[in-house]
**Q** 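I'd like to ask some things about the structure below.
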Amino acid sequence: ILESAREIFFRDGFMAANLGEVADLAGVAKGTLYRYFESKADLYVAVLADNGKVFSERMTQVAGIPGSAPERLHALGRFYLAHWLNHKEYFQIFWAVDNESLIGGLPDDAVREVANLWEGSLSILKDVLDHGVAEGELAECDTWEVSYIMWTMANGLIQSEYTAPRKELRRRPLQDVFADAIELLVLGLSRQKTSNPG
């Protein structure tokens, strides 16, 4: 069922996806879908969570490569962008979570599953930052906050590909701007802070 749902959701998006078509592709009755999933939204998030496990495993592998914290942060940035370039449909599926008010309330368990996925990704990034701070490669910082900033920045840049005015304002190819953004953050983390801006 998940494989069939993934194919339909990735092809058509949440709103246009037809659960009857999902059932037909899976070779089950439509009623069978509702024995496993409370709603279309629940099935949608289950597909996301299933893909998230694979993403987390690959991200963990990249985070564990030998090298300095700055090198590993650059590697994670390259991995994240490459994953989007090769699996754009995976990122589009997050639309349901970001637009819950449009599609109706998602089941609490499903939302918690997605939140856990996101938290897991941030934790992987935080571990690299923690190691860099402990080794003296990076300045002292709130590593959870920096993880969140990096993740938000990466997703914001990726979103610029979906909006023509933002893409035009960016002026340069996404890959170049993405690499520059990671470099700016790494440079900022590599220097000792001279004052507290907050």
**Q** Ignoring hydrogens and geometry, is there a side-chain-to-backbone donor-acceptor pair from Ser39 to Asp42 under 3.5 Å?
**A**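 Yes; at least one donor-acceptor contact below 3.5 Å.
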
**Q** Provide the full list of salt bridge (Lys or Arg N to Asp or Glu O under 4.0 Å) pairs with a residue in residues 115-131, sequence neighbours left out, each pair given once.
**A**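 Listed once each, the pairs are Lys126-Asp130.
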
**Q** Could you check Lys40 against Leu33 for side-chain contact (heavy atoms from CB on, under 4.5 Å), going step by step and ending with a plain yes or no?
**A** CA-CA 9 Å; Lys40 182 179 180 179; Leu33 296 178; over 6 Å; no

**Q** Can you measure from CG (Asn18) to CD1 (Ile8) and round to the nearest 0.5 angstrom?
**A**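 It comes to 8.0 Å.
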
**Q** Holding to ring pair (Phe, Tyr, Trp, His ring centres under 6.0 Å), I want the full list of residues that pass it with Trp144, two or more places apart in sequence or in another chain.
**A**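 Not a single residue meets the ring pair (Phe, Tyr, Trp, His ring centres under 6.0 Å) criterion with Trp144.
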
**Q** Residues two or more places apart in sequence or in another chain: which of them pass ring pair (Phe, Tyr, Trp, His ring centres under 6.0 Å) with Tyr148?
**A**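 Only Trp151 meet the ring pair (Phe, Tyr, Trp, His ring centres under 6.0 Å) criterion with Tyr148.
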
**Q** Restricting to side chain to side chain contact (heavy atoms under 4.5 Å, CB included), what partner residues turn up for Glu168, sequence neighbours left out?
**A**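 Here no residue qualifies.
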
**Q** Among all residues two or more places apart in sequence or in another chain, which pass the side chain to side chain contact (heavy atoms under 4.5 Å, CB included) test with Ala82?
**A**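 Checked Ala82 against side chain to side chain contact (heavy atoms under 4.5 Å, CB included); matches are Asn86.
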
**Q** With salt bridge (Lys or Arg N to Asp or Glu O under 4.0 Å) as the rule and sequence neighbours excluded, what pairs involving residues 149-163 come up?
**A**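 Residue pairs with at least one partner in residues 149-163: Glu161-Lys167, Glu161-Arg170.
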
**Q** Can you name the side chain to side chain contact (heavy atoms under 4.5 Å, CB included) partners of Arg172, sequence neighbours left out?
**A**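 Scan of Arg172 (side chain to side chain contact (heavy atoms under 4.5 Å, CB included), adjacent residues dropped) gives Asp176, Val177, Asp180.
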
**Q** For residues 62-75, run the donor-acceptor check on the side chains, cut-off 3.5 Å, and write out each pair with its distance to 0.1 Å, sequence neighbours left out.
**A**
unit_1: Ser68; atom_1: OG; unit_2: Glu71; atom_2: N; d: 3.2
unit_1: Ser68; atom_1: OG; unit_2: Glu71; atom_2: OE1; d: 3.4
unit_1: Glu71; atom_1: OE1; unit_2: Ser68; atom_2: N; d: 2.8
unit_1: Arg72; atom_1: NE; unit_2: Ala63; atom_2: O; d: 2.7
unit_1: Arg72; atom_1: NH2; unit_2: Ala63; atom_2: O; d: 2.7
unit_1: His74; atom_1: NE2; unit_2: Glu183; atom_2: OE1; d: 2.8

**Q** Ignoring hydrogens, what is the shortest heavy-atom contact between Ser121 and Phe55? Give both atom names and the distance.
**A**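 It is OG-CE2, 3.6 Å.
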
**Q** May I ask you to test the Leu85-Leu81 pair for a side-chain heavy-atom distance under 4.5 Å?
**A**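 Yes, their side chains come closer than 4.5 Å.
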
**Q** Under the salt bridge (Lys or Arg N to Asp or Glu O under 4.0 Å) definition, can you give me all pairs with a residue in residues 18-32, not counting sequence neighbours?
**A**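 Qualifying pairs: Arg11-Glu21.
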
**Q** Between Leu189 and Cys141, what is the shortest heavy-atom contact and its length?
**A**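 Taking Leu189 first and Cys141 second, the nearest heavy atoms are CD2-SG, 4.0 Å.
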
**Q** Below 4.5 Å, heavy atoms only, C-beta onward: do Leu2 and Leu43 meet side chain to side chain?
**A**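 In contact.
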
**Q** Once ring pair (Phe, Tyr, Trp, His ring centres under 6.0 Å) is applied, do any residues pair with Phe37, and if so which ones, sequence neighbours excluded?
**A**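 Counting only residues at least two positions away or on another chain, Phe37 forms no ring pair (Phe, Tyr, Trp, His ring centres under 6.0 Å).
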
**Q** Considering residues at least two apart in sequence or located in another chain, which fulfil the side chain to side chain contact (heavy atoms under 4.5 Å, CB included) criterion with Thr60?
**A**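 Listed in chain order: Ile124.
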
**Q** Restricting to pairs with a member in residues 123-143, which pass ring pair (Phe, Tyr, Trp, His ring centres under 6.0 Å), not counting sequence neighbours?
**A**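 Ring pair (Phe, Tyr, Trp, His ring centres under 6.0 Å) check on residues 123-143 returns no pairs.
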
**Q** Begin from the C-alpha positions of Leu76 and Leu125 and carry the test side-chain contact (heavy atoms from CB on, under 4.5 Å) through to its verdict.
**A** CA-CA 8 Å; Leu76 283 167; Leu125 185 53; 3.9 Å; yes

